[in-house]
Amino acid sequence: MALPHHIFLHRNARAEVALDAPWPGTPISGDPHTVTLNGYESEDGKRLMGIWESSPGVWRVDYKDWEYCHFLEGRCILTPEGGKPIELKAGDVFVIEPGFKATWEVIERVRKYYVFVLA
């Protein structure tokens with residue numbers, strides 16, 4: 001069944017696997033690697049949706065864009081600059097605002113849905 005023009009169903013995505021694709025993170029400890037399956041990109045390229053995975057390790061993150069996340073698997077600890085650690089695990093849903101700086105420590109392989117709105 002065809003969907004209306006203004007609806008995108010993620011299960012219909014034909015995403016290509018991107019290994020270690022650019023994202024707001026820079027590895028600083030361990031040997032973390034990512035898998036990105038970007039299933040949707042708007043015509044203007046400013047809205048993205050897909051699945052992202054990371055192996056264990058520590059990233060420094062500096063977000064310039066808005067991101068919605070829904071953890072499907074795994075566990076990590078986000079420690080905002082000057083803030084207290086926040087543990088995230090499967091089932092958690094959260095939003096990261098532009099300007100967020102932190103360390104992102106992947107404790108157990110993470111798999112999440114994401115939606116980015118690029119500036």
Side-chain angles (χ1 to χ4, degrees):
M1 173 171 79
L3 292 173
H5 175 70
H6 296 288
I7 295 177
F8 176 81
L9 186 58
H10 191 266
R11 72 172 175 243
N12 294 337
R14 301 293 178 253
E16 291 186 26
V17 174
L19 301 176
D20 294 324
W23 76 291
T26 303
I28 59 171
S29 178
D31 188 27
H33 293 279
T34 63
V35 174
T36 304
L37 298 141
N38 196 56
Y40 171 83
E41 182 174 338
S42 62
E43 287 184 24
D44 65 3
K46 292 191 175 203
R47 290 175 299 284
L48 308 170
M49 179 182 74
I51 294 174
W52 181 86
E53 300 177 6
S54 176
S55 62
V58 181
W59 303 89
R60 181 179 327 281
V61 294
D62 183 358
Y63 276 76
K64 307 291 186 230
D65 305 300
W66 182 95
E67 182 184 15
Y68 162 91
C69 303
H70 178 179
F71 268 33
L72 302 170
E73 299 174 21
R75 190 166 64 93
C76 77
I77 298 172
L78 283 181
T79 305
E81 280 188 352
K84 296 183 179 183
I86 303 162
E87 184 174 350
L88 299 165
K89 60 187 182 318
D92 285 340
V93 176
F94 57 99
V95 168
I96 296 176
E97 296 279 349
F100 180 72
K101 295 180 181 182
T103 56
W104 181 301
E105 181 180 3
V106 177
I107 306 296
E108 298 170 1
R109 182 181 149 272
V110 165
R111 181 175 173 88
K112 69 175 181 171
Y113 281 121
Y114 65 84
V115 175
F116 265 104
V117 178
L118 306 178

Report yes or no: do [X] and [Y] belong to one cluster of Ile/Leu/Val/Met/Phe/Trp/Tyr joined by side chain heavy-atom distances under 4.5 Å?
{"X": "Tyr113", "Y": "Val117", "answer": "no"}
{"X": "Ile28", "Y": "Trp104", "answer": "no"}
{"X": "Val106", "Y": "Leu88", "answer": "yes"}
{"X": "Trp23", "Y": "Leu78", "answer": "yes"}
{"X": "Val110", "Y": "Ile51", "answer": "no"}

- prompt: In terms of side-chain geometry, is the basic nitrogen of Glu41 or Arg47 positioned less than 4.0 Å from the acidic oxygen of its partner?
  reply: no
Check whether any side-chain heavy atom of [X] sits under 4.5 Å from a side-chain heavy atom of [Y], and report yes or no.
{"X": "Arg109", "Y": "Ser55", "answer": "no"}
{"X": "Ile86", "Y": "Thr79", "answer": "no"}
{"X": "Thr103", "Y": "Val61", "answer": "no"}
{"X": "Phe100", "Y": "Asp62", "answer": "no"}
{"X": "Ile107", "Y": "Ile77", "answer": "yes"}

Residue pair Tyr63, Phe116: steps toward the side-chain contact (heavy atoms from CB on, under 4.5 Å) verdict: CA-CA 11 Å; Tyr63 276 76; Phe116 265 104; 4.0 Å; yes
- request: Could you check Val17 against Leu37 for side-chain contact (heavy atoms from CB on, under 4.5 Å), going step by step and ending with a plain yes or no?
  value: CA-CA 5 Å; Val17 174; Leu37 298 141; 3.5 Å; yes
[X] to [Y] - nearest heavy-atom pair and separation:
{"X": "Ala90", "Y": "Leu72", "answer": "CB-O, 3.5 Å"}
{"X": "Lys112", "Y": "Cys69", "answer": "NZ-SG, 3.4 Å"}
{"X": "Trp59", "Y": "Pro32", "answer": "CZ2-CB, 3.5 Å"}

- request: Could you go through the salt bridge (Lys or Arg N to Asp or Glu O under 4.0 Å) check for Glu105 and Arg75 one step at a time?
  value: CA-CA 9 Å; Glu105 181 180 3; Arg75 190 166 64 93; over 6 Å; no
- request: For a ring pair (Phe, Tyr, Trp, His ring centres under 6.0 Å) with Phe94, tell me which candidate from Phe71, Tyr68, Trp66 qualifies.
  value: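 Checked Phe71, Tyr68, Trp66 against Phe94; only one passes ring pair (Phe, Tyr, Trp, His ring centres under 6.0 Å): Phe71.
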- request: Without swapping roles, check the side chain of Ser29 against the backbone of Val58 for a donor-acceptor pair under 3.5 Å.
  value: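 It does not hold such a pair.
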- prompt: What do you reckon, is CZ of Arg60 surrounded by more than 12 foreign heavy atoms closer than 6.0 Å?
  reply: no
task: Quick one: pull up CD in Glu73 and CD in Glu53 and give me the separation to the nearest 0.5 Å.
output: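 Reported value, rounded in 0.5 Å steps: 7.0 Å.
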- request: Enter the distance from Ser42:OG to Leu118:CG here, rounded to the nearest 0.5 Å.
  value: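 Atom-to-atom, Ser42:OG and Leu118:CG are 8.0 Å apart.
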task: Ignoring hydrogens and angles, state whether a donor on the side chain of Asn38 or Thr36 is under 3.5 Å from an acceptor on the partner side chain.
output: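 No, Thr36 and Asn38 have no side-chain donor paired with an acceptor closer than 3.5 Å.
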query: Passes side-chain contact (heavy atoms from CB on, under 4.5 Å), Thr34 versus Leu19? Steps please.
result: CA-CA 6 Å; Thr34 63; Leu19 301 176; over 6 Å; no
